[in-house]
J.: 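The structure under discussion is supplied below as structure tokens; questions concerning it will follow.
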Amino acid sequence: MLKNAPSSEKIPCSVSLITLNTGDSLGACLESLRDFAEIIVCDGNSTDNTKEVAEAFGARVISQYDTDEPNTPCAMDKAAVRERAMQESTLPWRFFMDADDTLSPEAVDEIRAITRSERPATLVWRMPTRVFIAGREIKHEATYPSYQTRLVHESVGAHFRGAVHDRLAFDANKFPVGTLKNHYNFHWSKERTDHY
């Protein structure tokens, strides 16, 4: 693992993740987030090494629910769990992602510039998505270009909605959405695509 940069160089943004037995993929995700000032892992009482991996990267681990029941999935309550994770943020800029995805260094630098700006162009940002299957980038796909809103300032008052396919809800008339140039990377295993 690479050592974290000094705190004075950290990106002033909280990143929240929801996890359940994602120890195998979480390290790559957190490695791509090493420059962020705060990482919150909201875990469903995993029984693998998810918590240990998160803590090794300096992430703060919280529970998805107020229970000690192991392996508690949030598949039908994702928005509520994402909301719980985001509410734990202590920084005004918030970013959310999944434990098996990554950000490129270019995307990280773009987020750094926005969150450090005294006058950002807007307070809500979406980014284009890119799919990787078994480590191979898929450059042409029927849903491209596809965008997801993932970076938001707390002053927007955004909240998550949607039990399964969660999304950020906010007043789009008051807060226009900017578009990042760099991609959000979805990483799909061969097993996932075989059973899609």
Side-chain angles (χ1 to χ4, degrees), residues 1-5 11 13-65 69-86 88-89 94-111 127-139 141 143-144 146-151 160 164-167 180 182-196:
M1 285 179 213
L2 295 176
K3 294 210 181 253
N4 286 335
I11 298 169
C13 178
S14 293
V15 183
S16 58
L17 314 166
I18 56 176
T19 58
L20 180 61
N21 296 323
T22 56
D24 289 344
S25 60
L26 184 58
C29 174
L30 295 178
E31 179 63 33
S32 77
L33 301 174
R34 66 184 180 275
D35 289 343
F36 285 80
E38 182 174 59
I39 300 173
I40 299 161
V41 170
C42 192
D43 187 59
N45 299 332
S46 296
T47 53
D48 70 350
N49 65 337
T50 294
K51 184 176 180 181
E52 289 76 16
V53 172
E55 290 174 344
F57 278 88
R60 180 157 49 102
V61 181
I62 63 172
S63 294
Q64 292 178 6
Y65 300 105
E69 184 73 25
N71 299 326
T72 307
C74 68
M76 300 305 291
D77 197 21
K78 223 171 183 183
V81 171
R82 285 224 192 264
E83 188 71 21
R84 181 173 191 154
M86 191 167 73
E88 288 288 321
S89 300
R94 284 89 189 267
F95 188 88
F96 72 97
M97 60 189 299
D98 291 325
D100 51 356
D101 300 331
T102 62
L103 292 180
S104 68
E106 294 78 13
V108 170
D109 286 342
E110 198 172 1
I111 294 169
M127 57 196 310
T129 64
R130 186 70 72 205
V131 174
F132 290 75
I133 297 177
R136 181 179 177 188
E137 181 180 0
I138 306 304
K139 296 189 177 185
E141 205 268 342
T143 62
Y144 290 170
S146 177
Y147 298 91
Q148 289 197 351
T149 302
R150 291 195 173 261
L151 178 64
F160 287 98
V164 179
H165 299 291
D166 51 294
R167 63 180 179 81
L180 276 70
N182 293 286
H183 292 90
Y184 179 90
N185 298 326
F186 287 107
H187 292 273
W188 292 6
S189 66
K190 184 178 182 302
E191 291 74 24
R192 175 176 176 178
T193 57
D194 286 347
H195 297 93
Y196 187 73

J.: After noting the C-alpha distance and the side-chain angles of L151 and C13, does the key distance pass the side-chain contact (heavy atoms from CB on, under 4.5 Å) rule?
T.: CA-CA 9 Å; L151 178 64; C13 178; 3.9 Å; yes
J.: Within 45 degrees of the axis of the six-membered ring of F160 and under 6.0 Å from its centre: does R84 put its NZ or CZ there?
T.: no
J.: List the atom of V53, the atom of G23, and the distance in Å for their closest heavy-atom pair.
T.: CG2-O, 4.1 Å
J.: Quick one: closest heavy-atom pair of Y65 and T72, and the distance?
T.: CD1-CG2, 3.5 Å
J.: What's the verdict on side-chain contact (heavy atoms from CB on, under 4.5 Å) for I11 and F95, showing C-alpha distance, side-chain angles and the deciding distance?
T.: CA-CA 11 Å; I11 298 169; F95 188 88; over 6 Å; no
J.: Write down the atom of A99, the atom of T19, and the distance for their closest heavy-atom approach.
T.: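 Minimum heavy-atom separation between A99 and T19: CB-CG2, 3.6 Å.
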J.: Test S104 against H183 for side chain to side chain donor-acceptor pair (under 3.5 Å), laying out the working first.
T.: CA-CA 7 Å; S104 68; H183 292 90; over 6 Å; no
J.: A side-chain contact here means heavy atoms from C-beta on lying under 4.5 Å apart; do E141 and V131 qualify?
T.: no
J.: Measure the spacing between CG of N49 and CD of E55 and express it to the nearest 0.5 Å.
T.: 11.0 Å
J.: Check for a donor-acceptor pair, side chain of R34 on one end and backbone N or O of E31 on the other, with a separation under 3.5 Å.
T.: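 Here the side-chain-to-backbone pair exists.
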J.: For S32 and V108: C-alpha separation, side-chain torsions, deciding distance, then whether side-chain contact (heavy atoms from CB on, under 4.5 Å) applies.
T.: CA-CA 8 Å; S32 77; V108 170; 5.6 Å; no
J.: Mind checking what makes side chain to side chain contact (heavy atoms under 4.5 Å, CB included) contact with E110, not counting sequence neighbours?
T.: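 If we apply the side chain to side chain contact (heavy atoms under 4.5 Å, CB included) test to E110, skipping adjacent residues, the hits are L180, K181, N182.
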J.: When rounded to the nearest 0.5 angstrom, what distance separates SG in C42 from CG in L17?
T.: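 That separation rounds to 9.5 Å.
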J.: Measuring from I40:CD1 to S16:OG, what's the distance to the nearest 0.5 Å?
T.: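 Rounded to the nearest 0.5 Å, the CD1-OG separation comes out at 6.5 Å.
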J.: Any chance you could measure L20, atom CG, to N71, atom CG, to the nearest 0.5 Å?
T.: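 Result: 5.5 Å between the selected atoms.
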J.: Can you pull the salt bridge (Lys or Arg N to Asp or Glu O under 4.0 Å) pairs that have at least one residue in residues 73-83, sequence neighbours excluded?
T.: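 Counting only pairs at least two positions apart or across chains, the salt bridge (Lys or Arg N to Asp or Glu O under 4.0 Å) contacts touching residues 73-83 are R82-D98, R82-D166.
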J.: Could you tell me the separation between the CG atom of N185 and the CG atom of D100, rounded to the nearest 0.5 Å?
T.: 11.5 Å
J.: With rounding to the nearest 0.5 Å, note down the distance linking CG in L33 to CD1 in I111.
T.: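 Between atom CG of L33 and atom CD1 of I111 there are 8.5 Å.
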J.: Is a donor on one side and an acceptor on the other found under 3.5 Å between the side chain of E137 and the backbone of K139?
T.: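 Such a contact is absent between E137 side chain and K139 backbone.
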J.: Please name the pair of heavy atoms, one in R130 and one in I138, separated by the smallest distance, quoted to 0.1 Å.
T.: CD-O, 3.3 Å
J.: Determine yes or no for a side-chain-to-main-chain donor-acceptor pair under 3.5 angstrom, with R150 supplying the side chain and Y184 the backbone.
T.: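 Side chain of R150 to backbone of Y184, a donor-acceptor pair under 3.5 Å: no, none is there.
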J.: Which heavy atom in G27 sits nearest to a heavy atom in F57, and how many Å separate them?
T.: O-CZ, 3.6 Å
J.: So, the side chain of D101 versus the backbone of H187: is there a donor-acceptor pair under 3.5 Å, distance only?
T.: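 Present.
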